[in-house]
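Order of listing sets the numbers, starting from 1, for every ligand and every atom in it. In this chain, residues are counted from 1 in sequence order.
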Amino acid sequence: MNAPLTPQAALAADALAPRRVFNFSPGPSTMPQSVLEQAAAEMLDYRGCGVSVLEMSHRSAAFEDILARAEQDLRDLLAIPAAFKVLFMQGGAIGQNAIVPMNLVARRPGRAIDVVVTGEWSRKSWTEAQRYGDVALAASTLGAAHDHIPDPAGWALRQDASYVHLCSNETVHGVEFQTLPDLRALGSEAPLVVDASSNIASRTIDWTRAALVFAGAQKNLGPSGITVVIVREDLLGHALPTCPSVFDYRVTAEQRSMLNTPPTYPIYLLGLMLQWLKGEGGVPAIEQRNRAKSDRLYAAIDGSGGFYRNPVAPADRSRMNVPFVMPSEALTDRFVAEAEAAGLSSLRGHKSVGGLRASIYNAMPEAGVEALVAFMHDFQRRHG
Ligand code: PMP
């Protein structure tokens, strides 16, 4: 039996314990402590291999197994149908803003791309796509401060579009599609491309509506350096001749994401995150928790008598990124500083919009949201 710690030993142990704050960073973002601990425990010797995953050949049986498991776990968690390929790519979601048009624009002779702009990230996709095709705005909130999702019934969709692009959750503006639009019901046969970087695996995806979903992993799925692309098979094989082979979806699928050396360690960490998600009850369970966390935070904002304000139409509010503003710049600065001191980290809003933003992805525990809400009440009592 272990002897009880002396007070001195307890103090020393406490001083050595890592200081973990509640990290509200928009990405890279908080990861479950158990995932980090497992990665640390396996750092020097991965499951008896005698080497770290960092040192392992991507052609080794051990890494092949890590890759295959990550794909299968993602398929299980997101209920991905067999007709979709899962690709692990590099270049981030920003890279996909070019890689998607390079692969899909030539599907139709007119090279038409319809884009729905609802915030900073779809605006970037819209701009980049203009280098590859005849791009039109199907709908946009450019003139409305990106504070809502435009009703799909009013979208201008072209019959001959190679694809339609939208961002399912706008990380900066905090606007989220609660359901994906049914393009066929709107009279369009074009495939729907979804940038789900900041809400993938936070809720279920309707695969009868989405034809291609991409996401940088560094919010809900682990570390930066790995981009997940889930693409319906019939969209493969249309890449422009100038598309680099390593960005060609068909080649990537044929080579099982190993045309070149993949980001092995990020894929391993992604795999640990997926295992964690399964252990938490999978996507439906995490979705319920995400709804409870965001409801709690929005209720605190809306119940503050205007001291804290969220500008987004309630029906379109993000469950992942909650932006809010305060009565003055000085109070905002003070809030950020006091929150940091209280162990509530990275709450400053994106520089383009200012204010505050709490990113509460899958790995943010309910206790983190409770601590933030308690801090907000206390701050308002002292400064309101
Ligand atoms: N799309 C969305 C919705 C994002 O939130 C981000 C990153 N914050 C990006 C694209 C860009 O991702 P990356 O930096 O991985 O290229």
pair R382-E338: side-chain heavy atoms closer than 4.5 Å |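 SC-SC contact between R382 and E338 confirmed.
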Is atom CZ of R209 surrounded by more than 12 heavy atoms (other residues, nucleotides or ligands) closer than 6.0 Å?
->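 Buried by this count: over 12 neighbours within 6.0 Å.
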For residues S318 and M320, report the shortest heavy-atom separation together with the two atoms involved.
->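 Taking S318 first and M320 second, the nearest heavy atoms are OG-N, 2.9 Å.
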Test item: side-chain donor near acceptor, S359 and N321, under 3.5 Å =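 S359 vs N321: donor-acceptor pair found between side chains.
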Does the ring-ring contact (aromatic ring centres under 6.0 Å, His included) test come out yes or no for F375 and F335, once each step is laid out?
-> CA-CA 9 Å; F375 176 82; F335 185 100; 5.1 Å; yes
Whether N290 side chain and R203 backbone form a donor-acceptor pair below 3.5 Å |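 Not at all, since once roles are kept as given, no pair shorter than 3.5 Å links the two residues.
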If you look at each N/O of ligand 1, which protein N/O atoms lie under 3.5 Å away, and at what distance?
| unit_1 | atom_1 | unit_2 | atom_2 | d |
| --- | --- | --- | --- | --- |
| ligand 1 | 1 (N) | D195 | OD2 | 2.7 |
| ligand 1 | 5 (O) | T171 | OG1 | 2.4 |
| ligand 1 | 8 (N) | K219 | NZ | 2.9 |
| ligand 1 | 15 (O) | A93 | N | 3.3 |
| ligand 1 | 15 (O) | Q218 | NE2 | 2.9 |
| ligand 1 | 16 (O) | A93 | N | 3.0 |
| ligand 1 | 16 (O) | I94 | N | 2.8 |

